Structure formats: C-alpha cells, structure tokens
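Every value quoted in this text rests on a predicted model; they were computed, and no experiment measured them. Counting starts at 1 for both ligands and their atoms, in listed order.
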Amino acid sequence: MKIGVFCSGGDAPGMNACVRAVVRTALSMGHQVVGIRRGYQGLLEEQFHLNPAGEPLMTLRCVSDWVAHGGAFLYSSRSAEFRQVEGQKKAAAILQRAGIDALIPIGGEGTFQGAMALSQHWNGQIVCCPGTIDNDLLGTDYTIGFSTAVQTAVDAVDKVRDTAHSHDRMFLIEVMGRHSGYIAVYTAIASGAEMAVIPETPTDYQLIVDQLHVLKQRGKNSIMIIVAEGDEKGGAEILNENLRELDCPFDSRVVVLGHLQRGGTPTPEDRRRASQMGYGAVLALDRGETRVMSGTQNDELVSVPLPETYASHRPIPPQLLDMMQRLAS
Ligand code: F6P
C-alpha cells in the first residue's frame, strides 16, 4: 500500500514524531510512504517530500531524529482552496494520479472535517491522527502537542508570578484554546493560579471581582488568572478592561502567550503519544479501516469514526474544576 502522510492546521509539538512513527511502522510492514508538504494546500500543489535520491518516497533515514523536534518538518497550512468542493475533487484526482492508496492526515477538527469531505470524492482509506495543542477532540484522551503547550505556559506563569509577588499585582495570562479551556485549566492547576476563565463555564465579571476581594482578605498579595483565548466573553484584554471598571482590588497587567505555546522541544509525553498514534494509524490502515481517528483512551489505542470526534468539543471533567477552585483558596 502507498500511504500519504501530512500535517495540517496549527502545528503542534510532536507532529514530527508522529510522521516518523508512520514512516517507520509502514516500511517495517512492507508499505510505502509519500510525505506531502503543507497539508491539503501542498497536496493541491503536488508538493511532495523528496528523499536524498530526489524521489517522492520517504525512507527510514528521512525521519532520523524527527522524534525530538518541534514544528512540522513536512510544513503545515490552512487551505481555503481545499474547503471548496472543486478543491476536494482536484485533490482526489492528484491522489489517484500519484497512486496513493491511503492517507494519514495529522491535525485537529478542521483537518478531520477535510478528510471526511475528501472521502466523498476519493475511495482511498483515511486514518487521521489527533494533532492539536488544544486537546479538544472527542474520542481520544489526548491530542499531540498538548503536553508541550502546557509545559510552556506553566514555565511562563511561574516567571510572571515572581514579578507579580514583587509588586502585589494581578496578572491575566491568556493561553491558546480556540474553543477549549483545557490548556487554561491544566496550566492553572500546575502553576497554582488562582483562577481559570474558560469557555466551558459562564464568565461573570462581578463574581470574579467578589472572589478577588475574598482572596485579598485571606492575605493573597499576587493573583494569576489564566484566560483561555476562546472564552465566550473574549480574551485577557477584554476581561482586564471589565474587571477594572468594577471594584477590582488589585493592580493588573495582561500577558498574551500566543504562538509561543505552539513551538519548542516536545515533551517526552508528546513524543511517546505521537509515536503511539502514528503507529496505530498504520496498523488501522493495514486492518482495512477508513474514516477513523487513531487516538487513545486510557492510554490504549482506539479507532474512532471521524464525525464522532468533532460532533462537539471535549468537555472538561467538573471534578477538575472543583479541585482547581479549592486548591487556589
Ligand atoms: O488549533 C490550534 C490553535 O493553536 C488554537 O489554539 C488557536 O486558536 C489557533 O490554532 C491559531 O491559529 P493560527 O496559527 O492559524 O492563527
């Protein structure tokens, strides 16, 4: 079988480890792998990764050391052209012409929806791997890049806490998560932040200010509020403006971490899980599966029908939120 592999959407630390696992597993089973550059857009432009001999087939050595590096060596993109039916038909014709039998797209919700759309026009097999720092897909307990993003955010919060202490200040630190509070909640718990403001729970400005007064009375002199960019009322700047208009008891500053969270050396957890999911994707193709995600549940590999993975956003366990609140008092 000739397998095409690509990264699509926002890059995530660990994507390279996933591609490496796909290549090494597939070659060990007698399959071939074509690396497609720049996701769906690169496919439309027939951008293939060339091996040292100048051929569009990946060899064992093509992915040497990829396990340890962030970013996406196959590059990534968000493609407007592929969102159109014409683009999807064109991609199907290119896959046909290149003799590709199966695809492993690595990405998030948009990538998976694209895979389903492509499958309307192309009858090759498709098994996706969950690659997004947001950790917001259903059917898998983990998405590639989440651990590194949280590590980066926690490092930043620890540093900001030092200056917050020195000046008796409050900081609102905005983390990524387009529709999800996962990065915010994990970062808040791991850094001992006082609050997380997330899209999964209603944001009430007066309630936050009331809580801040309680914390001040209890002797807190610095406050860290972790804000998910996707909060229903907006990001950290908007929250800060609104808290200032009320009777906020702390002098405040805003830090937006942004794309810092998408880069960097993948943590061992991201490397391991990305390897597991890439390996699982090839095994699933070999079993004849299609239109599924190769994810994990309780650390075991699972195949989940693609539409089930983006039917809604992965909820955050209420117990985690309860714990966060009690520990931050
Ligand atoms: O989906 C991953 C993500 O990093 C989100 O957290 C964020 O909202 C988005 O991508 C940013 O996308 P872009 O890099 O295209 O601005």
Considering only heavy atoms, which of [options] lies nearest to [atom]?
atom	options	result
atom 2 (C) of ligand 1	Asp134, Asp11, Thr111, Ile183	Asp134
atom 16 (O) of ligand 1	His259, Arg178, Gln261, Glu109	His259
atom 11 (C) of ligand 1	His179, Arg262, Glu229	Arg262

*asked:* Out of all atoms in ligand 1, which are within 4.0 Å of some heavy atom of Met176? Include the element for each.
replied: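 Counting atoms of ligand 1 from 1, those under 4.0 Å from Met176 are 4 (O), 6 (O).
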*Counting each atom of ligand 1 from 1 as listed, which ones have a heavy atom of Gly177 under 4.0 Å away?*
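Result: 6 (O).
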*Is it possible for you to check whether Lys233 lies under 6.0 Å from the centre of the six-membered ring of Tyr205, through NZ or CZ, and within 45° of that ring's axis?*
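Judged by the rule (NZ or CZ under 6.0 Å from the ring centre, within 45° of its axis), Lys233 counts as positioned above Tyr205.
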*Kindly confirm or rule out a cation-pi arrangement of Arg37 over Tyr75, judged by NZ or CZ under 6.0 Å from the six-membered ring centre and within 45° of its axis?*
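So Arg37 doesn't make the cation-pi contact.
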*Which residue, Val227, Leu172, Ile223, Leu212, forms the side chain to side chain contact (heavy atoms under 4.5 Å, CB included) with Met195?*
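Testing Met195 for a side chain to side chain contact (heavy atoms under 4.5 Å, CB included) against Val227, Leu172, Ile223, Leu212 leaves exactly one candidate, Leu212.
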*For atom 12 (O) of ligand 1, what is the nearest protein heavy atom, given as residue, atom name and distance?*
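Its nearest protein heavy-atom neighbour is Arg78 NH2, 2.9 Å.
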*What do you reckon, does Gly108 put a non-hydrogen atom under 4.0 Å from ligand 1?*
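In this structure, Gly108 fails to qualify as a contact of ligand 1 - no heavy atom is under 4.0 Å.
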Should we say atom [atom1] of [X] is surrounded by more than 12 heavy atoms from elsewhere, each under 6.0 Å from it?
X	atom1	answer
Asn51	CG	yes
Tyr279	OH	no
Arg287	CZ	yes

_With respect to Gly10, determine whether any N or O atom, backbone or side chain, lies less than 3.5 Å from an N or O atom of ligand 1._
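Such a contact does not occur with ligand 1.
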